[in-house]
Each structure stands twice: as structure tokens, then as C-alpha cells.
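Here is the naming used below: chain letters follow the sequence lines, and residue numbers restart at 1 for every chain.
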Number of protein chains: 2
Amino acid sequence: MRSSSIANTIFKVLEGQEDHLTAKEIYEKVKVTLSAVDPSTVYRSLERMVHQGQVSVSDMGGPAVVYELVTKNPHHHLVCEQCGKKLTFKNGEIADFLNEVQKESGFQITTNHLVLFGICPACQKKK
Amino acid sequence: MRSSSIANTIFKVLEGQEDHLTAKEIYEKVKVTLSAVDPSTVYRSLERMVHQGQVSVSDMGGPAVVYELVTKNPHHHLVCEQCGKKLTFKNGEIADFLNEVQKESGFQITTNHLVLFGICPACQKKK
DNA sequence: GTATAATATGCAAAGATTTGCATTTACAAT
DNA sequence: ATTGTAAATGCAAATCTTTGCATATTATAC
Ligand SMILES: [Zn+2]
Ligand SMILES: [Zn+2]
Ligand SMILES: [Zn+2]
Ligand SMILES: [Zn+2]
């Protein structure tokens, strides 16, 4: 993979990013560097990176699924479906559960960015 | 909601369905009964039903997210990302974990159809 | 290095989904 | 029943995403 490849540019974009990004947002950011890049190429690259396990793709309750680097800091989330408030769990806090499932099923778990939904304490009070 | 409403028709479609369906598939089935229905109406109705908790929406690894009645038989899945093989867990087998998260976070968990991914034993052998 | 095969990219078109707005329908209050 | 309000629907347009195919790039084998 040469350093100017799309995948590499995507990688850099995700690396310098705290939050999760939609495919569209990633495309926009890649276009800043590679102005002639085609959307389909970005979408296909993302798909590839997800399949290879470098990147996670998740529905976080927003208008579109979001992508994030997996390698950087493995974690999981609990999202309030009413106000969008987001808790982050370190991988270890969920690992027990996933290991249990792995042991009982024989499947090797690949889920690397679990997203649960709920209603946060504040929103529970609201009614 | 009158009995010929779109939401009601969608409900019937999902009720008489074993497997998960994509929005497109649901639209096609609704159209059989209500030939003049507009796609956007079906999409919006589904969104509503999901928001109200009657229907689950999940990425099961296929080309599009899939919908399913939640009320019928609450459950969760583990899907092989290589061959698509699908295990189904009764709600009880996952409930402990969700209850734990609920207790520790104060969030009231609403996730009603959890989908985990992994590699099944057969595909692990394939190398 | 040259040839061969596999992968990545761009482009155009198709397809799927969402959005804005006007209209209709359902519900509730009078 | 009449009126007023909120929700649901259809239609057209916009947007987002995927797909097929040709070209270019990269990797592998000789
Ligand atoms: Zn995350
Ligand atoms: Zn909240
Ligand atoms: Zn299911
Ligand atoms: Zn498998």
C-alpha cells in the first residue's frame, strides 16, 4: 500500500480523529487531501478496512453508521436513545461477557465495538 | 390506527414471517396488499415502529439492515461473518449481561435484539 | 526486467433511502 | 356535527450508497 493510497489516507483521517465519523464525513475529509477521489472508492476502501478488522462500523443511533479505528483504543458504548448521551466502556469491562459467549458457542468473537442502547438517568426522570 | 393503515399492514407482514426482512423486502410485501403505497411511507413507518419498541432493526451482516417483530419472541444472535451461520440466544441467556450493564450505568437498557459477530467453528478450521 | 495475475481506482449509471412540502386522515374538544 | 390539532401519507426531488465495467496500479512469478 503506497503512502498516497486511499486506504492510507482514510487511515490517517481516522487516526487524527477523536469521535466516530460517517462514511460521508470521511469522504469529505479524504477529499481535502485527494481532491479527485471518487466516493465509491472511499466506500469500498472502508468496507475493506472493516472486513480486515482495522476499522469498526456501528450504528450509534445517528443518521448513518459510523466508522472508527479499532486498533487505537478498543472500547464499547452505551448510548441514550433519547438525548444521545454516550458512555464508553473499556474493552475489559465487556470482555468477560464476550469470552463467555465465545466459550459457549465455539465461535471466535470478532465484534470489536459493541453498541448498546438505553435511556440515561436524566432522560428517565424527564418522564 | 385503522386496520388498513400502513403500520398495521407492516405489522401483519412481520407477524407472518419467520426470518428477518430488509426494508426493501417489507416494502415489496406491503405493496402486494396496498399497491399504491409509497416507499417513503413504509420507511417512515418502520422507523416509527422501531422507535416505539415494537420492532427491532439490526445489521446482521447482510447488504442492508433487517427488521423483526420484537414482541413475538425476544432473542439475540451470533452470526458467522464468513459463512453467515446464525446462532440464536433466548433472551434469558443474555439478560444477565444486560442487567449488569443496566445496574452499573443507571441506564435503562432498550437494546432488544443484540447481534454479535464471530467466526464459527467450521470456518475456523477452513483456516 | 517482463509477463501475469490480483487488487485498487475512477467513472457513469442504477438503486436505495431520506427529506420537504402539500394533502389527507385520524383524534379530541367543543 | 363542527372545528381544530396532530399524525400519517403521497409525491417529487435530493442525497447517499452500491454496482458494473474499463483502466491503472501493485504484487508475484518467471
Ligand atoms: Zn467508539
Ligand atoms: Zn438521555
Ligand atoms: Zn432475530
Ligand atoms: Zn462460518
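Under a 3.5 Å cut-off, the side chain of A:E93 and the backbone N or O of A:K90 do form a donor-acceptor pair.
Among residues two or more places apart in sequence or in another chain, the salt bridge (Lys or Arg N to Asp or Glu O under 4.0 Å) test is passed with B:K86 by B:D19. B:E18 meets the salt bridge (Lys or Arg N to Asp or Glu O under 4.0 Å) test with B:K72; sequence neighbours excluded. A:T88 is linked by a side-chain contact (heavy atoms from CB on, under 4.5 Å) to A:H75, A:H77, counting only residues two or more places apart in sequence or in another chain. Residues passing the side-chain hydrogen bond (donor to acceptor under 3.5 Å, both in side chains) test with A:D96: none are found, sequence neighbours excluded. The side-chain contact (heavy atoms from CB on, under 4.5 Å) check on B:N99 picks up B:A95, with sequence neighbours excluded. Partners of B:E81 according to the side-chain contact (heavy atoms from CB on, under 4.5 Å) rule, which considers only residues two or more places apart in sequence or in another chain, are A:T110, B:F117, B:I119. Residues passing the side-chain contact (heavy atoms from CB on, under 4.5 Å) test with B:E104 are B:E100, sequence neighbours excluded.
The CG atom of A:N8 sits 12 Å away from the P atom of D:dT26 (whole-angstrom rounding). Between B:E28 atom CD and C:dA16 atom C1' the separation is 12 Å, expressed in whole Å. The distance from atom CG of B:D38 to atom P of C:dA22 is 17 Å, rounded to the nearest whole Å. Across the protein-nucleic acid pair, B:L46 atom CG and C:dA16 atom P stand 15 Å apart, rounded to whole Å. Whole-Å rounding puts the A:Y27 OH to C:dC11 P distance at 10 Å. The distance between atom CZ of B:R44 and atom P of C:dT23, rounded to the nearest whole Å, is 16 Å. If you take NE2 of B:H51 and P of D:dA8, they are 12 Å apart, rounded to a whole angstrom. Going from atom CG of A:L34 over to atom P of C:dC11 covers 13 Å, rounded to whole Å.
From one end of the helix from C:dG1-D:dC30 to C:dT30-D:dA1 to the other, with five pairs defining each end axis, the axis direction shifts by 40° (rounded to 10°).
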Distance-only criterion, 3.5 Å: show the donor-acceptor pairs between side-chain atoms of residues 21-28 of chain A and protein atoms not counting sequence neighbours.
residue, atom, partner, partner atom, Å
A:T22, OG1, A:E25, N, 3.1
A:T22, OG1, A:E25, OE1, 3.4
A:E25, OE1, A:T22, N, 2.8

Restricting to nitrogen or oxygen on both sides, can you table the protein-nucleotides 15-17 of chain D pairs closer than 3.5 Å?
residue, atom, partner, partner atom, Å
D:dC16, OP1, A:K24, NZ, 2.6
D:dC16, OP2, A:K24, NZ, 3.4
D:dT17, OP2, A:Y43, OH, 2.4

Using nucleotides 6-8 of chain C, report all nitrogen or oxygen pairs with the protein that are shorter than 3.5 Å.
residue, atom, partner, partner atom, Å
C:dA8, OP2, A:R48, NE, 3.2

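Residue pairs meeting the side-chain hydrogen bond (donor to acceptor under 3.5 Å, both in side chains) criterion with at least one member in residues 31-48 of chain A, sequence neighbours excluded: A:D38-A:S40.
Put simply, CD1 on B:I10 and CD on B:E15 are 13.0 Å apart, with the number rounded to the nearest 0.5 Å.
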